[in-house]
Amino acid sequence: MSLERDLLAMATEPAAGPRPQFFDDPAMDRVWDVLAALTAELAVTRTRLNSLERVLAEHDCLPAGVVDGWVADDEAARDQAQAHQEMLMRVFRGLLQDAAAKQ
Amino acid sequence: MSAVRKDQATSATAAPAPLPRPWQSIQPHAAMPELSHDERVRFNVVAAMNHFLAQRLLPRVREAAARDVEPALEARLGRPAADRHEYRRELEKNLTWRLWSRLRRSTMELRQQAGRLTVLRQLPELVSTSRDLLKDSGVSLTLDPAMTPPRYLTSLPSHLMPGGYVTDLVDGDVTAGASYEIGLYATLGGQSGPASDRAGRATVAWLREHRPDWRPRRILDLGCGIGANTLVLAQAFPDAEVVAVDAGAPMLRYAAARTAALGGGEHIRFVQADAERLALDEAPFDLVLSLMVLHETSRPALQHIFATSFQQLAPGGLAFHLEQPPYRDKPLIEQCLRDWDGRYNNESFWSSLHDTDLVACMREAGFAAQHVHETTANAAIGDAAPGVQGQEDYGRGGAWYVVVGEKPAVQTN
Ligand SMILES: C[S@@+](CC[C@H](N)C(=O)[O-])C[C@H]1O[C@@H](n2cnc3c(N)ncnc32)[C@H](O)[C@@H]1O
């Protein structure tokens, strides 16, 4: 059973209230927002691959649905959380470096 | 000019702060949406981004504030900033602050979209599961379809939740409650504990310490949300009658189903009503609570909720209002960072709450001056010791301020 509605559009509806603009040029806000989303999706993808590798190693094969049902154990979850930080340090390198270089 | 405190500066050699808890460490129950691998990971990435922003970028904002913002302010004004608003207007020109703010807002919007889609794709199942769980569970739920929600809940829905706490998308909707529970866990990186009940545990710990043998017979929870903290109170006082009030029907349906699924809260009655003008035709309460509700209301609403807590209280009873700690003597940069959610995350009353004298408001609500006190409450996150979370994610941490009001057994005024 599912809702006969455009779920993606419903999920993407903005909350009421002001949408802040942090930069002088609103395009800059949009670009950074897209970058944030892209970064998140890339991290999701990388983790998917990481999970897949772990599952493959565990099973020697890949039956359907195995990856979706797989839940990271504490150790894997820690590794994956660590990988997220590494990825973020890569993507936002310039921003940190600019700020540090001013010291 | 305030210098960056040494313990707050990041040094390249300091040990990194502990990572956020993985999403799957959440306490599962039968009313909760199911998440696929990528949905769980997406929430983990939201937590990772917040961790990154708090641990890596925020120290740079502080440095920039001390190095650039404060001298610029003093040069322009000929004196330091008088208050956080003056300070903020200069801070808002700073590029590092802009980037931190932009990304923080984006992670919040990402979380809302992700949580909502997860819930919507299985909404019909969630609705029927929540109905089934409630049936014969003992947990009671009374909705009032005629109720008009307070305007602040619809005009500025908290933490950017589309439709806020009060909008029904379908018959028997639980969307707001379900996406609140799963998304909040991601935003806080598990800091409110596996069952999102840290404030409730802090409240129980406070009561055990300050009123050791007290057993309130009737408990009223104002603005109960998904009832996670209500359940802790109910479990701590299994003989009490507990009434949990909220304005949002989709919150209450989910709260009732969640309570039924987890068990131990069969003596809770969930009631849809406005805590500002509560007309319960029943006996008064020994303990009246509001946990993390005030910052999402308004100045008049706060006064009305305090008045409700006085009116509903039995002689000898205790009113307990738990909130974010006040800014008070904190440096202006700290105040600005903590004010962020108020300005950019739709927390309607977050900022002004800090300029409000809650003790005075309690007196105005009817409590005698000598029976109003300020105190603090805290509890460990699940199994972890308190205070090991590293750099606090401003304003969202778990160290609370509480204003309590007592009604003497024999009323003196
Ligand atoms: C941040 S949530 C806190 C929920 C809960 N106390 C907890 O600790 O998890 C705030 C809740 O207060 C409710 N609320 C705000 N104003 C209210 C009012 N005037 N009457 C009833 N509920 C209200 C909202 O609907 C929302 O569910």
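What's counted below: heavy atoms across the whole structure, side chains too, no hydrogens, waters or symmetry copies. Remember, it's a predicted structure, so these values are computed and weren't measured experimentally. Each chain gets a letter, A, B and so on, in the order its sequence line appears, and its residues count up from 1.
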Under 4.5 Å from a heavy atom of chain A, the part of Met49(B) involved: both
Gap separating the CZ atom of Phe52(B) from the CD atom of Glu86(A), nearest 0.5 angstrom: 13.0 Å
Closest non-hydrogen atom pair between Ala43(A) and Val41(B), with its separation: O-CG1, 4.5 Å
Tell me the closest heavy-atom pair linking Thr12(A) and Gln113(B), and the distance in Å. OG1-NE2, 3.0 Å
Check for a donor-acceptor pair, side chain of Arg98(B) on one end and backbone N or O of Phe23(A) on the other, with a separation under 3.5 Å. no
Contacting region of Ser155(B) [heavy-atom separation from chain A under 4.5 Å]: backbone
Are any of the side-chain heavy atoms of Arg102(B) and Met28(A) separated by less than 4.5 Å? no
Top of Glu39(B), Glu34(B), Glu109(B) for chain A proximity - count of heavy-atom pairs under 4.5 angstrom: Glu109(B)
Is Pro14(A) in contact with chain B via its backbone, its side chain, both, or neither, using a 4.5 Å heavy-atom distance? backbone
Need one label for Gln21(A): side chain, backbone, both or neither, based on atoms under 4.5 Å from any heavy atom in chain B. neither
Less than 4.5 Å to any heavy atom of chain B: does that hold for the side chain of Arg46(A), its backbone, both, or neither? neither
Okay, side chain of Gln85(A), backbone of Ala48(B): is any donor-acceptor separation there less than 3.5 Å? yes
Using a cut-off of under 4.5 Å on heavy-atom pairs, state which of Val45(B), Asn44(B), Thr154(B), Leu123(B) scores highest against chain A. Val45(B)
Gap separating the CG atom of Leu120(B) from the CG atom of Leu8(A), nearest 0.5 angstrom: 9.5 Å
With a sphere of 6.0 Å drawn around CD of Glu58(A), does it hold more than 12 non-hydrogen atoms of other residues, nucleotides or ligands? yes
Of the non-hydrogen atoms in Leu110(B) and Ala36(A), which two are nearest, and what is the gap between them? CD1-O, 4.3 Å
Heavy-atom proximity to chain A below 4.5 Å, by part of Arg40(B): side chain
Not counting sequence neighbours, which residues clear salt bridge (charged side-chain N to carboxylate O under 4.0 Å, His left out) with Arg116(B)? List them please. Glu13(A)
Could Lys93(B) and Asp24(A) be called an ion pair, given the rule that one side-chain N must be under 4.0 Å from one carboxylate O? no
With a 4.5 Å cut-off on side-chain heavy atoms, are Arg105(B) and Pro20(A) touching? yes
Please check if the side chain of Asn346(B) supplies one atom and the backbone of Ala16(A) the other of a donor-acceptor pair under 3.5 Å. yes
Quick one: which residues of residues 168-180 of chain B reach chain A at under 4.5 angstrom, heavy atoms only? Leu169(B), Val170(B)
Would one find more than 12 heavy atoms of other residues, nucleotides or ligands at under 6.0 Å from atom CG of Asp74(A)? no
I want to check something: taking the side chain as every heavy atom from C-beta on, are Pro18(A) and Leu156(B) in contact at a cut-off of under 4.5 Å? yes
Turns out that what part of Arg19(A) lies under 4.5 Å from chain B's heavy atoms comes down to both
Heavy-atom contact with chain A under 4.5 Å, split by part of Trp23(B): neither
Nearest 0.5 Å, please: how far is CG in Leu103(B) from CG in Leu35(A)? 8.5 Å
Can you tell me how the ring of His37(B) sits relative to the ring of Trp70(A), calling it parallel under 30°, perpendicular over 60° and tilted otherwise? tilted
